[in-house]
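Given the structure is predicted, the values throughout are model-derived calculations rather than measurements.
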Amino acid sequence: MAIPNSQSMTVLGIESSCDDTSVALIKHKANIHPQVLSLIVLNQNHLHKQYGGIVPEIAARAHSDKLDYCTIEALRQANSKVHDIDLVSVTAGPGLIGGVLSGVAFAKGLSWGIGIPIVGVNHLAAHALSPGLTTECHFPYLCLLISGGHCQFLAVLSPKEYRRLGGTIDDAPGEAFDKTARHLGLPQPGGPSIEKLAKNGVSDRYHFPRPLTGREGCDLSFSGLKTAFLREVEKIHGTTGSVSEQQQADLCASFQKAVSDTLRIKSQTAITQFETQMKQKPTFFALTGGVAANHELRGSIEALCHDNGIKFYAPPLKYCTDNGAMIAWAGLQLFYLGQADGLELQARSRWPLDPNSRPLLGFGKKGAKA
Ligand code: AMP
Ligand code: MG
């Protein structure tokens, strides 16, 4: 990547597109890895718990309440002052519009107040570029982005150019983990709860589908899997009146294995598609997003990459879930490529990374979501 001068850049990254308010300060100098000076993440789980899902209005208010605190804290922990910041980078979409607006408005105020440039970042691009925070990754590479709201295979061609090879046609895997956990009355977020119980379970006790694996292409579906899980829980309730601890563990292990098998099989298809479309084999496979925290899944995709002679990398968990550091890093790379937005920067609820890809879900009057 061409870096304009030998000076270092200090970037403030702001994330508020879903239910995490996060602000980070990173520093970067040519030819060395970026340094994350501080990272603040305030989760809103406690505010949404009683509603069984994220309430957009509550999320937006909580973001605008906490953004100034998070920024002050990020500066304090980095032992820095507001005038040390060279660039403000902010998630400008896709996401819950109230939250995105809170972040964008805050970032504009800050950039105008201290007279520094602002860069609006696509949240999905920031996930796809997040491996660069902690490792060397050369373009083009293959990325599987799996989180609470997203699921896509991407060929990452440059910080501003992506090709979507496939994605979910309904639920994201994190959403499936969360809803499945809810059926068993387990704490949210559901992914870690399921993974914990699955450790004591037998993964072939219950037979769940591996959706769309018999079809060509690398699109995915998790909605039917979630329903199959609910049916099994109802069946057990119907016969024994309750679900024993061992049955819960076996259900979780079988579900987790079904998700992991499905993603492994489709990852193989994505590797082949990448090779066909890019006319070169991927040398690097990045697993990003919150669901990448799952050890069974990491192990399975890592083994697949090993068999294909591809380097596997999943960033540390704090950079996998929604965080300001990945926003700062993505914004800086765009800035190096000449992007600088002004006060006209718009917040977008929908913002597909690959504008040429066909819509998978959420396609309405305003176009594809992500
Ligand atoms: P994100 O949307 O990137 O912030 O990630 C949050 C999502 O990741 C939630 O849906 C979680 O349930 C999911 N998640 C977090 N940890 C795990 C895990 N160990 N296994 C599976 N899913 C997980
Ligand atoms: Mg995310």
*Side chains of His48 and Gln188: closer than 4.5 Å at any heavy-atom pair?*
no

query = With a 4.5 Å limit on heavy-atom distance, are the side chains of His237 and Val243 in contact?
reply = yes

**Prompt:** Taking the side chain from Gln339 and the backbone from Leu334, do they hold a donor-acceptor pair closer than 3.5 Å?
**Reply:** no

Joining Ile, Leu, Val, Met, Phe, Trp and Tyr whenever any side-chain heavy atoms lie under 4.5 Å apart, the cluster holding Val100 also takes in Leu12, Ile14, Val23, Leu25, Leu37, Leu67, Leu75, Val82, Ile85, Val88, Val90, Val104, Phe106, Leu110, Ile114, Ile116, Ile118, Leu345

Taken to the nearest 0.5 Å, the spacing of Ser357 OG from Arg164 CZ works out to 3.5 Å

Residues at least two apart in sequence or cross-chain that pass side chain to side chain contact (heavy atoms under 4.5 Å, CB included) with Glu344, listed by chain then number, are none

Between Lys266 and Gly217 (side chain of the first, backbone of the second, donor and acceptor by atom type, cut-off under 3.5 Å), is there such a pair? yes

For Phe284, the ring-ring contact (aromatic ring centres under 6.0 Å, His included) test, sequence neighbours excluded, returns Tyr141

Taking only distance into account, with no hydrogens and no angle test, what donor-acceptor pairs under 3.5 Å do side-chain atoms of residues 294-307 form with protein atoms, sequence neighbours excluded?
unit_1 : atom_1 : unit_2 : atom_2 : d
Asn294 : OD1    : Glu296 : N      : 3.2
Asn294 : OD1    : Leu297 : N      : 3.1
Asn294 : ND2    : Gln256 : OE1    : 3.0
His295 : ND1    : Glu195 : OE2    : 3.0
Arg298 : NE     : Ala292 : O      : 2.6
Arg298 : NH2    : Ala292 : O      : 3.4
Arg298 : NH2    : Pro315 : O      : 3.2

For Tyr51, the other hydrophobic cluster members (4.5 Å side-chain criterion, sorted by chain and number) are Leu47, Val55, Ile58

query: Just wondering, do Pro94 and His123 contact through their side chains at under 4.5 Å, heavy atoms?
result: yes

Notebook entry, point to check: Are side-chain heavy atoms of Ile236 and Leu251 found at a separation under 4.5 Å?
Noted result: yes

Requested in this report: For Thr288 and Met326, run side-chain contact (heavy atoms from CB on, under 4.5 Å): C-alpha distance rounded to whole Å, both residues' side-chain angles, the deciding distance at 0.1 Å, then the answer.
Outcome: CA-CA 11 Å; Thr288 66; Met326 69 175 187; over 6 Å; no

- Item | Thr135 side-chain N/O to Gly132 backbone N/O, donor-acceptor pair under 3.5 Å | no

Open item on the list: Counting only heavy atoms from other residues, nucleotides and ligands, does the tally under 6.0 Å from NZ of Lys108 exceed 12?
Closed with: yes

Residue pairs meeting salt bridge (charged side-chain N to carboxylate O under 4.0 Å, His left out), one or both in residues 275-294, sequence neighbours left out, come to none

Check: His138 main-chain N/O paired with Glu136 side-chain donor or acceptor under 3.5 Å = no

Side chains of Leu337 and Pro159 in contact at under 4.5 Å (non-hydrogen atoms)
yes

Here the salt bridge (charged side-chain N to carboxylate O under 4.0 Å, His left out) pairs for residues 79-92, sequence neighbours left out, are none

(message) Is it the case that the side chain of Ser17 and the backbone of Gly95 share a donor-acceptor pair, with hydrogens and angles ignored and the cut-off at 3.5 Å?
(response) no

Heavy-atom closest pair (Ala74 atom, Ser38 atom, distance to 0.1 Å) is O-OG, 2.7 Å

Item to complete: Show your working on side-chain contact (heavy atoms from CB on, under 4.5 Å) between Lys179 and Asp171 and close with a plain yes or no.
Response: CA-CA 10 Å; Lys179 288 181 180 163; Asp171 292 352; 4.2 Å; yes

task = Check for a donor-acceptor pair, side chain of Asn43 on one end and backbone N or O of Asp20 on the other, with a separation under 3.5 Å.
result = no

Residues at least two apart in sequence or cross-chain that pass ring-ring contact (aromatic ring centres under 6.0 Å, His included) with Phe208, listed by chain then number, are Phe229

Taken to the nearest 0.5 Å, the spacing of Gln273 CD from Glu216 CD works out to 9.0 Å

Sequence neighbours excluded, the answer for ring-ring contact (aromatic ring centres under 6.0 Å, His included) partners of Tyr162 is none

_Side chain His63, main chain Ser16, donor-acceptor under 3.5 Å_ = yes

field: Any donor-acceptor pair under 3.5 Å from Glu161 side chain to Ser158 backbone
entry: no

Sorted by chain and residue number, the salt bridge (Lys or Arg N to Asp or Glu O under 4.0 Å) partners of Asp250 (sequence neighbours excluded) come out as Arg205

When clusters are formed by joining ILVMFWY residues with side-chain heavy atoms under 4.5 Å apart, either directly or through shared neighbours, do Leu212 and Val291 land in the same one? no

Contacts satisfying salt bridge (charged side-chain N to carboxylate O under 4.0 Å, His left out) that involve residues 58-73 (not counting sequence neighbours) are Glu57-Arg61, Glu73-Arg76

On a heavy-atom basis, the closest approach of Trp351 and Asn122 is O-ND2, 3.0 Å

Separation between SG (Cys252) and CG (Asn200), nearest 0.5 Å, reads 10.0 Å

Output for pair (Thr276 OG1, Ile271 CD1), nearest 0.5 Å, gives 11.5 Å

Given 3.5 Å as the limit, does a donor-acceptor pair link the side chain of Ser221 with the main chain of Asp170, or not?
no

Between the CD1 atom in Ile146 and the OG1 atom in Thr168, the distance rounded to the nearest 0.5 Å is 11.5 Å

- Side-chain donor-acceptor pair under 3.5 Å between Ser22 and Asn323, yes or no? no

> What do the steps show when you test Phe255 against Phe177 for ring pair (Phe, Tyr, Trp, His ring centres under 6.0 Å), and what is the final call?
Replying inline: CA-CA 9 Å; Phe255 175 80; Phe177 270 107; 5.3 Å; yes

Report task. Using the side-chain contact (heavy atoms from CB on, under 4.5 Å) rule, take Ile310 and Leu142 through it: C-alpha gap first, then chi angles, then the decisive distance, then the call. Result -> CA-CA 10 Å; Ile310 297 171; Leu142 181 58; 5.9 Å; no

For residues His28 and Phe335, establish whether the separation of their ring centroids is below 6.0 Å. no

Worksheet item: Side-chain heavy atoms under 4.5 angstrom apart, residues restricted to Ile, Leu, Val, Met, Phe, Trp, Tyr: same cluster for Phe312 and Phe153?
Response: yes

Report task. Could you tell me whether a side-chain N or O of Ser89 sits under 3.5 Å from a main-chain N or O of Ile327, the two making a donor and an acceptor? Result -> yes

Between the CZ atom in Arg163 and the CG atom in Leu157, the distance rounded to the nearest 0.5 Å is 6.0 Å

Side-chain contact test, heavy atoms from C-beta onward, threshold under 4.5 Å: evaluate it for Thr321 versus Leu317 and give yes or no. yes

### Task
Could you check if a side-chain atom of Asn308 sits within less than 4.5 angstrom of a side-chain atom of Phe285, using non-hydrogen atoms only?
no

### Message
Just checking Lys318: does its NZ atom have more than 12 heavy atoms from other residues, nucleotides or ligands closer to it than 6.0 angstrom?
### Response
no

Any donor-acceptor pair under 3.5 Å linking the side-chain atoms of Asp341 with those of Gln346?
no

Q | Pairwise side-chain contact, Leu332 with Pro34, heavy-atom cut-off 4.5 Å (strictly under) | A | no

Contacts satisfying salt bridge (charged side-chain N to carboxylate O under 4.0 Å, His left out) that involve residues 229-249 (not counting sequence neighbours) are Arg231-Glu234, Glu232-Lys235

Task: Pair Leu263-Val259, side-chain contact (heavy atoms from CB on, under 4.5 Å): steps then yes or no - done: CA-CA 6 Å; Leu263 287 168; Val259 173; 3.8 Å; yes

